[in-house]
Structure formats: C-alpha cells, structure tokens
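What follows is a single structure, written as structure tokens, with notes after it.
A note on names: the letters A, B, ... follow the listed sequences, proteins ahead of strands, and every chain is numbered from 1. Keep in mind that what you see is a predicted model, and the values were worked out from it rather than measured.
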Protein chains: 4
Amino acid sequence: MNKTVSQRWQRRKAERPGEIINAALDLFVEKGYAATRLEEVARKAGVSKGTLYLYFDNKAALFKAVVRETVLPELERAENFVRDYQGSASELLNHMVYKWWQTVGETKLCGLPKLIIAEAGNFPEIARFYYDEVIVRARKLLADICRSGMAQGEFRSCHPDYAARTLISPLVFAAIWKTSFKQFEQVPFDINIFLEHHLDLFFNGIRKTEV
Amino acid sequence: MNKTVSQRWQRRKAERPGEIINAALDLFVEKGYAATRLEEVARKAGVSKGTLYLYFDNKAALFKAVVRETVLPELERAENFVRDYQGSASELLNHMVYKWWQTVGETKLCGLPKLIIAEAGNFPEIARFYYDEVIVRARKLLADICRSGMAQGEFRSCHPDYAARTLISPLVFAAIWKTSFKQFEQVPFDINIFLEHHLDLFFNGIRKTEV
Amino acid sequence: MNKTVSQRWQRRKAERPGEIINAALDLFVEKGYAATRLEEVARKAGVSKGTLYLYFDNKAALFKAVVRETVLPELERAENFVRDYQGSASELLNHMVYKWWQTVGETKLCGLPKLIIAEAGNFPEIARFYYDEVIVRARKLLADICRSGMAQGEFRSCHPDYAARTLISPLVFAAIWKTSFKQFEQVPFDINIFLEHHLDLFFNGIRKTEV
Amino acid sequence: MNKTVSQRWQRRKAERPGEIINAALDLFVEKGYAATRLEEVARKAGVSKGTLYLYFDNKAALFKAVVRETVLPELERAENFVRDYQGSASELLNHMVYKWWQTVGETKLCGLPKLIIAEAGNFPEIARFYYDEVIVRARKLLADICRSGMAQGEFRSCHPDYAARTLISPLVFAAIWKTSFKQFEQVPFDINIFLEHHLDLFFNGIRKTEV
DNA sequence: GATGAATGAGATTTCATTCAT
DNA sequence: TATGAATGAAATCTCATTCAT
C-alpha cells in the first residue's frame with residue numbers, strides 16, 4: 001500500500017458523509033422528504049445506494065443528519081457575531097435580518113424552513129430538535145437584543161419574545177414564498193422592498209417616541 | 001327496516017363528496033399528502049376505497065378538491081364582509097386579523113397553510129390555483145384597505161402590497177407554529193399577546209404621526 | 001295500467017337480451033374479452049350495469065351467450081342451403097367460400113374467430129361448445145361436399161376432412177388478417193385476388209386430371 | 001459456502017432477462033396477456049416481483065420483449081437458410097413448410113401466433129412490429145421462392161404474394177388448432193396428413209402442367 | 001324489473017432496505 | 001469498505017359484482 005493513496009482514501013472516507021448530506025439537502029429541499037428517492041441521493045453524491053447505509057441507518061436518520069448539520073453551524077456563527085457586537089440594538093437587528101436573508105434566503109438553505117415545517121408532523125424527533133436547538137436559541141438571540149434595546153432606552157417597553165417573533169415572521173414568510181410561489185407571481189416580489197418596509201414599520205413601531 | 005341502524009351499505013350520493021373531503025382534510029393536514037393513505041381516508045369517511053374513485057379521479061384530484069372546497073368559501077365570506085364595511089381602515093384591519101385567526105387559526109383549517117406550502121413543489125397546479133385564487137385575492141383585499149387608509153390620511157404613505165404582506169406574515173407564522181411546534185414549547189405561545197404586539201407595532205409603524 | 005304500454009313493455013323485455021348480446025358482441029370483438037368493461041356494454045345496450053345481471057349470471061355467461069347466439073344461426077342457414085343445393089361440387093364449394101366471406105368476413109362476425117381463438121384457453125367451455133357445435137359441423141358440411149365430388153368423379157381421391165381444412169384455412173387467415181393487421185399494410189390485401197388464387201390452386205390441385 | 005446450494009438470493013444479471021422472458025412466454029401463451037399475473041411470471045422465473053422491474057419497465061414492455069426475442073432469431077435463421085439454398089423451388093418450399101412446423105408448431109412458439117393475434121388490438125405497437133419485422137419478411141421469403149420457381153418454369157404464373165399466403169394459411173391454422181381446440185377433438189388431427197394434403201394440392205395447383 | 005352507488009378483491013407498480021459479491 | 005442486484009411490503013387504482021332503493 002502506498003501511503004499517499006491510503007491517505008487520500010482516508011480523506012475520502014472522512015468526506016463521504018458530508019457529500020451525502022449535501023446531496024440529500026438539495027433533493028430534500030427540492031422535492032420534499034417523501035418524494036426524494038435514496039437512489040437519486042446516492043447518484044448525486046456519487047456513491048451507490050448501499051453506501052448510504054454504511055453512514056446512515058435509514059432514510060429518516062439521513063434526514064435528521066441533514067437538518068442537524070446544515071442549520072447549527074449558521075446559528076453558532078450568528079451567536080458569535082452577536083456576542084462580539086458593539087453598537088445600537090437597532091443597527092444590530094437590522095444587520096441580523098439582512099444577514100439571515102443573505103445566508104438563508106439567498107442560499108439553498110432557503111428551502112429548509114419549508115422542509116422542516118412540512119415534515120415536523122412525521123418526524124417529531126426532528127421537530128423537537130429543531131425547536132430546542134434552533135428556534136429557542138435563535139429567538140433568544142433576537143429577544144436579548146430587543147431586551148437590551150429597551151434597557152438602553154432605544155425601544156419602548158414590550159414583550160421581547162413576541163417582538164422577536166414579529167421580527168422573524170416576514171423572513172420565514174419570504175423564504176417560504178420563494179420556495180413555493182415565486183414561480184407563479186406576475187409582479188415580482190422584491191425582497192429588498194419587503195425587508196425595508198418590514199423594518200421601517202417594525203422600528204417605527206418599537207422605537208421610543210420622543211415627547 | 002330501521003333507518004337509523006348503522007348500515008354498511010348506504011346510498012348517499014349527495015353527502016359523500018363532502019364527507020370524503022372532510023375526512024381527507026383531516027388526514028392531509030395531520031400527515032401530509034404523501035403519508036396519507038387513501039384507505040384511511042375511506043375508513044374515516046365511512047366508505048370503501050372504491051367509493052373514493054366514484055367521486056374523485058385520483059388522489060391528486062381529491063387533494064385539489066380539499067383545497068378548493070375548504071379555502072374559497074372563507075375567502076368569499078371575507079370579501080363580502082369588507083365590501084359592506086363602514087368604518088376606519090385600522091378598525092377593519094384589526095378585525096380582519098382577529099377574524100382570520102378565528103376562522104383559520106382556531107379551526108382545522110389551521111393546518112392548510114402548512115399543507116399547501118409543503119406540497120406546492122409536488123403540485124404546481126395546486127400552488128398556482130392557490131396563488132391565483134387565494135393569495136392574490138387575499139392580499140388585494142388587505143392592500144386595498146391599506147390603500148384607502150392612506151387615502152384618508154389614516155396611514156402614512158407606503159407600498160400597500162408589502163404592508164399587506166407584513167400584516168399577514170405573523171398570521172401564517174402562528175398557524176405554522178401551532179401545526180408544527182406547539183407541542184414542544186415550554187413557555188406557551190399566547191396568540192393574543194402575539195397578535196396584540198404585532199398589531200401594536202404595525203399600527204404604530206404605519207399610522208400617520210401628527211407633527 | 002294501460003294495455004298497450006304493458007305490451008310494449010313486454011316486447012321490450014323480450015328484446016333486452018338480444019340488445020345486450022349485440023352490444024357485447026361489438027365490444028368483445030373490438031377489445032377482446034378482458035378489456036371489455038361491463039359498464040361499457042351496459043351503456044352501449046342502453047341499460048344499467050345492474051340490468052346485465054338480470055339476464056346473464058356474470059361476464060363469462062354473457063360471453064358464452066354472445067358466441068352461441070351469433071354463430072349458430074349462420075351455420076344453420078348454410079346447412080339448409082347445402083341440403084337443397086343442386087349442382088356440381090366445385091360450384092357449391094366455390095359458392096360456400098364466397099358466401100362465408102360475405103356473411104362473416106365482411107360483417108362484424110369477422111372478429112369472432114379471433115375472439116374465440118384468443119379466449120379458448122380461458123373458456124374451455126366455450127371452446128368445447130364451439131368445437132362441437134361449429135367446427136365439427138362446418139367441417140362435415142364441406143367434407144361431405146368434397147366426398148360427393150370424389151364420388152362423382154369430379155375430384156381425385158383424397159381425405160375429405162383434410163381437404164376441407166385446406167379449403168377453410170385461408171378464410172380464417174383472411175378474417176384474422178383483417179382484424180389484426182389490415183391497419184398496417186402498405187400494399188392493400190385484396191381479398192378477391194386471394195380467394196381467386198386460393199380456389200384456383202385448390203381446384204387445380206383437387207380436380208381429376210384427364211389423361 | 002456451497003455454490004450449488006439453492007439460494008434465495010442470487011446475483012445473475014446476465015441470465016435474468018432471458019429467464020424472465022422464458023417464463024413470460026410460457027404464461028402469456030398459456031393464458032393470454034391480460035390473464036397472466038406478473039407475480040406468476042416472477043415465481044416461474046424464480047425471482048421476486050420487484051426484479052421484473054429491474055429488467056422491464058412494465059408489463060407491456062415485457063410482452064414486447066417476449067415477442068421480439070423469441071420470433072426474430074428463428075426468422076433470421078430461415079432467411080440464412082434460404083439464401084444458401086441450392087435446389088428446386090418446390091423442394092425448398094416443401095422444406096420450409098416442414099421446418100416451420102418443426103420449429104414453431106412443435107415447440108412452445110406454437111402459441112405465439114394466437115397470442116399476437118389476440119393482442120394485436122390492445123398492442124398496436126406490437127402488431128406493427130410483428131407486421132413489419134415478421135410477416136412482411138416471412139412472406140417475402142416465400143414469395144421470392146415462388147417467383148423464382150415461376151422464372152425457372154417450375155411453377156405456372158401467378159401472384160407470388162398471394163401464393164405465399166395460401167401456403168402459410170394452413171400452418172397458422174394448424175398452430176391455432178393445436179393451441180385452442182386440439183384438446184377437444186375426437187378424431188386426432190394428424191399434422192402430417194394435413195401438410196401432405198396441403199402441399200399436394202398446392203404443388204398440383206401451382207406446377208406447370210406440361211401440354 | 002331496473003337502477004347505479006357502493007363494495008372489495010386483486011392487479012400493477014414503487015422504492016427503502018438487504019446482502020452476496 | 002463499497003456495490004448494486006434483489007427483495008417484498010405497501011401503495012394506488014380498476015372493475016366485476018352486489019344490493020338498497
């Protein structure tokens with residue numbers, strides 16, 4: 001055995017799960033869970049159907065891995081960003097919203113909300129994981145910013161959790177729109193106008209009005 | 001013969017379609033399209049598998065009928081209500097939001113948004129129908145109210161279509177929440193607080209500030 | 001009850017089976033046994049599906065009735081004709097062949113040979129009936145003519161049963177051709193040329209050559 | 001591991017299609033297309049229902065494959081034989097007739113004419129293929145021999161295509177007989193007597209009578 | 001007698017999963 | 001470890017037959 005070959009083999013082996021997850025993400029997002037055939041995933045990942053089962057117990061396990069592996073890294077990145085942020089709450093929220101759209105709305109992650117929503121009923125395990133590890137954390141991230149905005153007299157007083165939800169709703173809405181209805185629209189949906197309106201209304205609504 | 005006795009064999013041509021659609025709505029909403037077995041639909045509707053095919057050409061046709069029959073009547077009712085309404089734009093929008101939640105969020109229709117979103121990719125025909133007959137009409141309904149609010153100096157000037165979207169987003173968000181994540185939440189999601197916050201922010205944001 | 005109405009009703013009742021058999025013949029011949037749906041037979045006969053079962057026990061029974069009722073009358077007519085015939089064997093055979101084509105080959109009975117052949121395996125009862133009541137009788141009819149032709153020195157000596165089969169084969173062949181392949185042929189199959197050739201060869205082959 | 005032990009699970013990619021076609025031929029010929037269950041085909045071929053679909057798209061495709069694979073090889077063999085033949089037209093035709101009976105009439109191919117005739121209506125594609133690739137070619141083969149017989153003064157002048165049809169008819173007739181009615185006959189049908197009579201009449205009828 | 005809505009057995013087909021190679 | 005041929009459970013859909021009206 002040649003050492004470099006063996007090493008390359010090792011590398012390949014280490015990368016396999018990621019390649020499979022990547023292929024699966026594309027297909028799950030495009031077709032949904034039930035309509036995605038493992039044969040296609042395998043083909044797209046450049047492996048055989050049998051190989052899938054070396055890395056994942058079954059279709060459901062693959063699905064879970066896809067969700068886990070694609071969502072968490074982004075969330076952690078966001079948390080780190082917020083931790084280090086210096087500046088006003090408005091500016092930060094504004095940045096978060098546009099950043100979310102950049103990393104989710106404009107990438108293939110855009111289909112993930114739809115996917116998770118669609119399959120939450122069939123995969124309670126996934127839904128719970130997503131709830132605990134993504135939703136709660138993400139909402140806390142935004143709610144904390146709102147809270148600090150109120151503390152600093154930037155925002156008027158309101159329930160930060162619900163404010164966070166109000167802030168997120170249009171993002172989820174837009175992602176879903178893109179996945180499901182964009183293809184039919186006559187007048188194109190302009191995400192920039194939408195976010196601008198949303199943030200304008202939101203900040204107008206939440207900012208402390210000077211007497 | 002006692003007619004009230006439960007008979008396995010009954011001729012009820014008129015009632016059947018409605019009963020089948022009703023059963024199908026429940027199951028589609030609960031499990032999604034693919035995971036719903038026609039045998040189950042039949043059992044729930046109290047008919048045999050074959051009877052389904054007397055009234056609907058195939059599974060997809062049944063799905064379409066479910067969407068068509070459950071959504072349109074509500075929308076029409078809303079359109080009529082708006083047409084006859086006398087009062088301020090704020091009051092009307094406020095009413096519309098709570099009414100939506102009452103007729104959709106708190107009934108079994110609550111699962112429909114999720115269902116349509118989940119299946120839009122697999123049923124472009126449905127998605128298009130829903131886009132044309134529901135989304136466009138519903139948005140126009142709200143946008144027209146916003147527009148008239150602006151015309152009457154109640155609201156400051158902004159793009160009515162996008163304002164309408166901002167208004168709707170949290171409703172869709174809440175419906176999806178209920179279908180998919182409510183079961184896991186630790187702190188209960190209070191729809192009243194949510195709508196109150198949303199509308200408070202929204203009207204604060206959109207109302208004409210007196211100089 | 002009005003007597004004429006009642007009488008008309010009676011007449012109608014008497015004619016029903018015939019109308020059903022007629023419709024069934026058309027469809028069996030056109031589509032084959034398995035591909036013929038009883039609903040279609042009913043529609044074509046102008047009755048309901050249920051009515052079929054008032055007159056025939058099941059699909060197989062209807063099929064048998066179709067065969068029985070459409071074939072036997074023609075055969076009997078032929079037997080009567082032969083019994084009364086005065087003239088040479090050649091002339092009679094010649095006449096029989098053309099007559100067969102006229103009454104079978106050129107009517108909807110043309111599809112019957114194919115039908116019976118196709119279903120003989122699935123309906124041994126039909127096949128046996130057809131063998132006993134049609135094939136044996138028809139062959140005897142022709143064989144007897146051959147036999148008398150030999151007795152009268154018109155034909156040279158040979159086995160009359162096999163001569164009869166030789167005489168019939170091209171007729172069956174032509175009927176099958178028409179049902180199954182006529183639609184594809186480039187050069188049209190000319191039945192007159194075919195029968196002329198066949199009979200020419202046949203009579204040339206069987207006639208007593210004068211020394 | 002002992003390879004000769006009967007294993008339920010075997011990989012035999014190369015042999016499978018042939019085995020399946022073979023099993024299907026038997027069953028199609030025995031029961032007809034519609035009455036043949038794919039489960040039975042699978043069982044007879046020693047595979048599972050699913051395996052059928054690895055090799056054939058659907059039932060119709062399997063049917064087509066059966067026809068294609070079983071008929072064409074024999075026809076090609078015959079064409080090669082004729083091409084290389086040295087001798088009189090009568091001898092050749094005589095040989096062809098007996099040979100046909102040997103390879104078709106006395107093997108399981110005997111049921112194929114019936115099968116194709118029976119299904120021509122439901123499978124126009126098959127019928128057309130059979131017409132183009134089998135009937136036209138086979139007829140041409142025989143017609144060419146007749147033609148050369150006429151050219152060499154062996155046969156008197158007639159239309160070679162129709163002579164070929166006359167020659168073939170009794171063969172088809174006999175094959176159909178065997179498949180459909182042989183089981184009921186009282187006096188056994190002797191194929192040798194039949195072919196002898198047929199050829200005797202045919203050659204008597206077609207040969208050039210010396211003046 | 002006549003109807004046609006309702007039934008349900010049974011057919012074809014799909015595809016996640018297994019396992020000999 | 002990797003393959004992909006093979007499996008078989010399970011789904012949709014059809015249609016001969018039944019039976020309340």
Which nucleotide, [options], lies nearest any side-chain atom of [X]?
X       : options               : answer
A:Leu38 : E:dG1, E:dT17, E:dT13 : E:dT17
B:Ser48 : E:dT3, F:dC13, E:dG8  : E:dG8
C:Tyr55 : E:dA2, E:dT13, F:dC13 : E:dA2
C:Tyr53 : F:dT17, E:dA6, E:dG4  : F:dT17
A:Lys49 : E:dA2, F:dA5, E:dA6   : F:dA5

task = Give a yes or no on whether a salt bridge exists between B:Arg16 and B:Glu19, defined as a side-chain N under 4.0 angstrom from a carboxylate O.
result =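 The answer is yes: the pair qualifies as a salt bridge.
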
ask   = OP1 or OP2 of F:dG4 less than 4.0 angstrom from a side-chain nitrogen or oxygen of A:Arg43, does that happen here?
value = no

inquiry  = Looking at every non-hydrogen atom in both residues, tell me the closest pair between B:Lys44 and B:Asp26 and how far apart they are.
reply    =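 Between these two residues, the closest heavy atoms are CE-OD2, 3.6 Å.
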
query = Who are the ring pair (Phe, Tyr, Trp, His ring centres under 6.0 Å) partners of C:Phe56, not counting sequence neighbours?
reply =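 With sequence neighbours excluded, C:Phe56 shows a ring pair (Phe, Tyr, Trp, His ring centres under 6.0 Å) to no residue whatsoever.
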
task = Find which nucleotide of DNA chain F each of C:Lys59 and B:Arg37 is nearest to by heavy atoms, and output the residue with the more 5' nucleotide.
result = B:Arg37

Whichever of D:Lys13 and C:Asp57 has its nearest DNA chain F nucleotide further upstream toward 5' = D:Lys13

message = Quick one, A:Val29 with A:Lys108, criterion side-chain contact (heavy atoms from CB on, under 4.5 Å). Give me CA distance, side-chain angles, the key distance, then yes/no.
response = CA-CA 8 Å; A:Val29 150; A:Lys108 64 171 140 173; 5.6 Å; no

Watson-Crick or G-U stems involving DNA chain E, each at least 3 pairs long, distances under 3.5 Å, ordered by first number = E:2-21 with F:2-21

request  = Indicate, with a heavy-atom threshold strictly under 4.0 Å, whether B:Arg11 touches base, sugar-phosphate, or nothing.
outcome  = base

query = Does C:Lys64 count as lying over the ring of C:Phe123, i.e. NZ or CZ under 6.0 Å from the six-ring centre, within 45 degrees of the axis?
reply =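 The answer is no, since C:Lys64 fails at least one limit relative to C:Phe123.
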
